[in-house]
Amino acid sequence: MEIKGKITQVMPLVTGEGKNGVWKKQEYVLEVPNGNYAPKKVCFSIWGDKIEQSNVKENGEVTISFDLESREYNGRWYTDVRAWKVQRQSSDSSSYSAPQNYQPDYSQEPVSQSSSTIDDDLPF
């Protein structure tokens with residue numbers, strides 16, 4: 001799936017350690033135009049080395065390609081929007097895209113989070 005919009009917020013970098021080693025995740029808020037109605041906001045995440053490769057900045061216009069994944073925890077459902085390609089809309093229009101035949105690795109679920117994260121009872 002693809003969506004185009006403007007980055008309105010860059011969230012703090014989150015790191016932790018799981019069974020496969022250290023992981024990191026960066027979340028961003030994307031504002032998407034919605035015709036005659038108020039713009040919609042979508043929070044998406046980029047994992048691992050793709051954070052530096054995508055070079056996403058606040059107020060930047062981007063097009064993201066992403067995967068959606070939902071999971072249940074304690075009777076509630078949570079949806080994750082994971083970007084695998086980010087294309088900046090500018091005169092130099094540089095982008096990062098995953099290699100062809102890319103399959104996202106969802107096995108690196110966090111086991112614990114660093115002290116820089118909000119303390120809650122969610123496992124992710």
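In this text the structure is predicted, and so the values were computed from the model without any measurement.
Note that CZ of R71 is 10.0 Å distant from OH of Y78, once rounded to the nearest 0.5 Å. To the nearest 0.5 Å, atoms CD (Q26) and OG (S54) are separated by 8.5 Å. Here the NZ-NZ distance, from K41 to K6, works out to 10.5 Å after rounding to the nearest 0.5 Å. The CD atom of E27 sits 4.0 Å away from the SG atom of C43 when rounded to the nearest 0.5 Å. If you take CE on M1 and CG on L68, they are separated by 4.5 Å, rounding to the nearest 0.5 Å. Atom NZ in K24 sits 6.5 Å away from atom CG in L13 (nearest 0.5 Å).
Residues E2 and T63 come closest through the heavy atom pair OE1-CG2, 3.8 Å. Contact between T79 and S70 at its shortest, heavy atoms only, is OG1-OG, 2.8 Å. G75 and E72 get closest at one heavy-atom pair: N-OE2, 2.5 Å.
At a threshold of 4.5 Å between side-chain heavy atoms, the hydrophobic network of Ile, Leu, Val, Met, Phe, Trp and Tyr places M11 and I46 in two separate groups. V14 and V29 fall into different hydrophobic clusters, where Ile, Leu, Val, Met, Phe, Trp and Tyr side chains are chained together by heavy-atom contacts under 4.5 Å.
Proximity of R82 to F66: side-chain heavy atoms (C-beta onward) are nowhere separated by under 4.5 Å.
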Exercise for the section: Walk me through it: do I7 and L30 pass the test side chain to side chain contact (heavy atoms under 4.5 Å, CB included)? Expected result: CA-CA 5 Å; I7 301 293; L30 183 71; 3.9 Å; yes
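Among I64, V62, V56, the single residue meeting the side chain to side chain contact (heavy atoms under 4.5 Å, CB included) criterion with Y28 is V56.
Side chains of N59 and K57: no donor on one and acceptor on the other come within 3.5 Å.
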